[in-house]
Amino acid sequence: MSYLKNLRTFVRVYELGSMSAAGRDLRISPAVTSSRISQLEEHLGVRLFQRTTRNLNATEQGKAFYRGACNVLE
């Protein structure tokens, strides 16, 4: 998968606070959204989000990565 697609997906998940909402916004399934985030985390070697069944919160690494990802996408 394209690294830029993974970055765009990460930014939308971060901004919307939900993989489902980001998937709807990007017109992809929640499974694809989750897969892209997992690929990005594996590539970077860090967790970007702390996930539970009800919550999705960015980790400190995720917060720092968001700022850089926005700069790259601009």
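Residue numbers start at 1 and run along the sequence shown.
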Is any side-chain heavy atom of R36 less than 4.5 Å from a side-chain heavy atom of I28? yes
Do V11 and L56 sit in the same hydrophobic cluster, where Ile, Leu, Val, Met, Phe, Trp and Tyr count as joined when their side-chain heavy atoms come under 4.5 Å apart? yes
Enter the distance from L44:CG to E42:CD here, rounded to the nearest 0.5 Å. 10.5 Å
Distance col, row M19:CE vs I37:CD1, nearest 0.5 angstrom, shows 5.5 Å
Hey, any chance L16 and L26 share a hydrophobic cluster, counting ILVMFWY side chains that come within less than 4.5 Å of each other, even indirectly? no
With rounding to the nearest 0.5 Å, note down the distance linking OG in S38 to CG in N6. 10.0 Å
Does T33 have any side-chain hydrogen bond (donor to acceptor under 3.5 Å, both in side chains) partners at least two apart in sequence or in another chain, and if so, which? none
Restricting to non-hydrogen atoms, name the atom on R47 and the atom on R51 that form the minimum distance, rounded to 0.1 Å. NH1-NH1, 2.7 Å
To the nearest 0.5 angstrom, please state how far the CG atom of L4 sits from the OG1 atom of T9. 10.5 Å
Backbone N/O of N57 and side chain of Q50: donor-acceptor pair under 3.5 Å: no
Listed by chain and number, what are the side-chain hydrogen bond (donor to acceptor under 3.5 Å, both in side chains) partners of Q61, not counting sequence neighbours? T59
Going through the distances and angles, do D25 and E15 end up as a side chain to side chain contact (heavy atoms under 4.5 Å, CB included)? CA-CA 11 Å; D25 185 65; E15 291 172 348; over 6 Å; no
Would you mind listing every ring-ring contact (aromatic ring centres under 6.0 Å, His included) that reaches into residues 55-74, with sequence neighbours excluded? F10-F65, Y14-Y66
